There are 2 protein chains.
Amino acid sequence: MLTIGSLGKKTGTKVQTIRYYEQIGLMPEPGRTEGGQRRYGDAEVDRLSFIRHSRQLGFPLEAIRELLDLSDNPDRSCHEADSIARRQLKQVELRMDRLKALRTELKRMIHECSGGNTADCKVLEVLRDHSECLTDHDEIGA
Amino acid sequence: MLTIGSLGKKTGTKVQTIRYYEQIGLMPEPGRTEGGQRRYGDAEVDRLSFIRHSRQLGFPLEAIRELLDLSDNPDRSCHEADSIARRQLKQVELRMDRLKALRTELKRMIHECSGGNTADCKVLEVLRDHSECLTDHDEIGA
DNA sequence: CTTGAACCTCTAGCAACTAGAACATTTAGA
DNA sequence: TCTAAATGTTCTAGTTGCTAGAGGTTCAAG
């Protein structure tokens, strides 16, 4: 039986995060000691690892909820899990494209900066002038 | 003199967002009509464009605050603006690296999925098994 | 003068945690 | 067995960068 702290260490998860997952129903309510402390078994280690790994792959918690659901019902079609993963791949590729464009523009603007004072700073100039900009995405924040 | 709505249209910013920027002190408090409605001039268009463009390049609002500050003081060294931009470039490159690893793993897991039911779904299997994982970044969510 | 679009403030919500206060329990050593 | 430190508990509020809604006011056109 693991304490919440050792579960956290085993899975690379902060204690607060585990409690948060419990609160939103991603993790089950675990057993407690007499004194009221949480105690976990192997099933919880597995489940939390699954969640963390999925998070590292960028899946949003709602997608993970679905995936866990699928995982709990071994007779359902694999199709759904596959399509969730494909959706996620698309997101990742979209973000990569956007980041590529950003990198290009950032590099250009840094490259052209030659020091001096801000009056003729290329960085600021580029930011001021939107016209040469390659990126006209509506979405923001990579 | 522009209303908040037309300023928004000109700069591709939602009205709520403009008011939010004002609230956190990124945009100045504008003049008002007798009836209390905001009215903007050219300076505000420029400032908001600067902000939006910077946001599109992924700069966090705090960095933009610094950049605006530099921009307001033309005699200060360009060095600071440059280093903010470089910091941002580093962030972007870091994110790209991470996304590349994620894409690889997602592709692998989708590729290996052959249909059937979830009992032997590769997607779920990969998520369950952390051992083959390429990504062991602490940070999450690309 | 009326109508309807656009404005106003204020509050709450989103994702996915993170941090802190104030207190309780557990565990290992003396 | 006692005690002190480490770890646990709940609860609330903060983070970032907005977005949405309620409920009311102002503006400009016809």
Side-chain angles (χ1 to χ4, degrees), chain A residues 1-27 29-40 44 48 50-68 88 91 95 98 137-142, chain B residues 1-27 29-40 44 48 50-68 88 91 95 98 137-142:
Chain A
M1 283 303 188
L2 298 168
T3 64
I4 195 169
S6 22
L7 175 63
K9 250 168 221 157
K10 252 197 170 160
T11 58
T13 316
K14 295 209 170 136
V15 166
Q16 307 282 55
T17 305
I18 299 173
R19 288 199 277 249
Y20 169 71
Y21 287 161
E22 181 184 328
Q23 190 188 302
I24 63 169
L26 261 192
M27 287 294 285
E29 292 191 18
R32 302 267 185 158
T33 61
E34 297 258 305
Q37 298 196 354
R38 290 167 178 83
R39 287 298 180 271
Y40 296 93
E44 279 91 357
L48 186 51
F50 184 102
I51 295 173
R52 293 314 287 178
H53 191 190
S54 303
R55 285 294 296 130
Q56 275 167 356
L57 289 169
F59 289 92
L61 291 180
E62 273 322 296
I64 296 172
R65 210 189 283 277
E66 287 179 68
L67 288 166
L68 281 167
Q88 180 57 18
Q91 285 293 315
R95 276 194 216 143
R98 201 152 50 216
H137 313 288
D138 47 344
E139 210 179 325
I140 267 178
Chain B
M1 282 302 187
L2 296 167
T3 64
I4 195 170
S6 23
L7 175 64
K9 249 167 222 157
K10 255 199 169 162
T11 58
T13 316
K14 295 210 171 133
V15 166
Q16 308 282 55
T17 306
I18 298 173
R19 288 198 277 247
Y20 170 71
Y21 287 161
E22 180 185 328
Q23 191 189 304
I24 62 170
L26 261 193
M27 287 293 287
E29 292 191 19
R32 302 266 186 159
T33 62
E34 294 260 306
Q37 297 197 355
R38 289 167 180 84
R39 288 296 180 269
Y40 296 93
E44 279 91 357
L48 186 51
F50 184 101
I51 295 173
R52 289 269 96 192
H53 191 189
S54 303
R55 285 296 295 132
Q56 275 168 354
L57 288 170
F59 288 93
L61 291 181
E62 273 322 296
I64 296 173
R65 208 188 285 277
E66 288 180 66
L67 288 166
L68 281 167
Q88 180 57 19
Q91 285 293 315
R95 279 196 213 139
R98 200 150 51 215
H137 312 289
D138 47 346
E139 210 179 325
I140 268 178

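The shown structure was predicted, so the numbers you read here are calculated from the model rather than taken from an experiment. Convention: sequence-line order gives letters A, B, ...; per-chain numbering from 1.
Between the C1' atom of D:dT25 and the CD atom of B:Glu34 lies a distance of 15 Å, rounded to the nearest Å. Atom P of nucleotide C:dA16 and atom CD of A:Gln56 are separated by 14 Å, given to the nearest angstrom. Taking atom CD1 on B:Ile4 and atom P on D:dC27, their separation rounds to 15 Å, with Å as the unit. Distance CD (A:Glu22) to C1' (D:dT9): 12 Å, rounded to an integer number of Å. Nucleotide D:dT15 holds its C1' atom 12 Å from the CG atom of B:Leu61, rounded to whole Å. Rounded to whole angstrom, the span from the CD atom of B:Glu62 across to the P atom of D:dT15 amounts to 11 Å. Look at CZ on A:Arg52: it is 9 Å from C1' on C:dC17, rounded to the nearest Å. Residue B:Ile64 contributes atom CD1, which lies 13 Å from atom C1' of D:dC18 at whole-angstrom precision.
A:Arg38 has no side-chain polar atom (N or O) that falls below the 4.0 Å cut-off from OP1 or OP2 of D:dG8. Contact annotation: A:Arg32 side-chain N/O to D:dT10 OP1/OP2 distance is under 4.0 Å. Look at B:Thr3 and you'll find a side-chain N or O under 4.0 angstrom from OP1 or OP2 of C:dC7. Put simply, B:Arg55 has a side-chain N or O that comes within less than 4.0 Å of OP1 or OP2 on D:dC18.
A distance-only check finds a donor-acceptor pair linking the side chain of A:Arg55 to the backbone of A:Phe59 [under 3.5 Å]. Checked by atom type and distance alone, the side chain of B:Thr11 pairs as donor or acceptor with a backbone atom of B:Leu7 at under 3.5 Å.
For A:Glu22 against A:Pro30, the heavy-atom pair with the smallest separation is OE1-CD, 3.6 Å. Of all heavy-atom pairs spanning B:Thr13 and B:Arg52, the tightest one is OG1-CD, 3.1 Å.
Within the 4.5 Å cutoff, no side-chain heavy atoms of A:Tyr40 are placed close to those of A:Leu48. A:Glu29 has its side chain out of reach of A:Arg38: every pair of non-hydrogen atoms, C-beta onward, lies at least 4.5 Å apart.
Of the listed residues (B:Leu68, B:Leu67, B:Ile18), just one forms a side-chain contact (heavy atoms from CB on, under 4.5 Å) with B:Ile51, and that residue is B:Leu68.
No engagement by B:Ile24 is indicated, since no non-hydrogen atom pair under 4.0 Å with the nucleic acid exists.
Using a 4.0 Å cut-off on heavy atoms, the residues of residues 9-21 of chain B that approach DNA chain D are B:Lys14, B:Gln16, B:Thr17, B:Tyr20, B:Tyr21, listed by number.
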